[in-house]
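Computed from a prediction, not measured in an experiment: that's the story for all the values here. Along the sequence shown, residues carry numbers from 1.
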Amino acid sequence: MSFEKDDTVVLSDKHSEYDGEVGTITQKMDTMFGDATYTVSFEDGQETGVPADALEAADEAAPEDDADAAENADEE
């Protein structure tokens, strides 16, 4: 999957201090091999050179919010 600047992602890298944390893509760098690496900013720092396979798109809305919205729609 490809990401763009300002996308919200979850980092999956057991060797990183930010493993499992949600961050924002601040830079996309294309390599000479046609791959991309990313710089991801977190609340207390950043991780550079992150490959796309170590990132997952973060959900914009929490599942609880979706359930509440569905309940409220049924009541109307």
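- Contact detail for Val22 and Ala58: the closest heavy-atom pair is CG1-CB, 4.2 Å.
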Subject >> Trace of the side-chain contact (heavy atoms from CB on, under 4.5 Å) decision for Tyr18 with Asp44 >> reply: CA-CA 9 Å; Tyr18 303 108; Asp44 59 346; 3.3 Å; yes
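- Contact of the Val9 side chain with the Val40 side chain is registered, since non-hydrogen atoms from C-beta on lie closer than 4.5 Å.
- The NZ atom of Lys28 sits 13.0 Å away from the NZ atom of Lys5 when rounded to the nearest 0.5 Å.
- Taking both residues in full, the closest heavy atoms of Thr26 and Ser41 are given as CG2-OG, 3.1 Å, listed atom of the first, atom of the second, then distance.
- One finds the CD1 atom of Ile25 at 5.0 Å from the CG atom of Leu55 (value rounded to the nearest 0.5 Å).
- Rounding to the nearest 0.5 angstrom, the gap separating the CD atom in Gln27 from the OG1 atom in Thr48 is 9.0 Å.
- Residue Thr39 comes nearest to Gln46 through the heavy atom pair CG2-OE1, 3.7 Å, listed as atom of the first residue, atom of the second, then distance.
- Ring geometry, Tyr38 versus Phe3: the interplanar angle exceeds 60°, so the pair is classed perpendicular (tilted spans 30 to 60°).
- In this structure, CG in Asp19 is found 6.0 Å from CG in Leu11, a value given to the nearest 0.5 Å.
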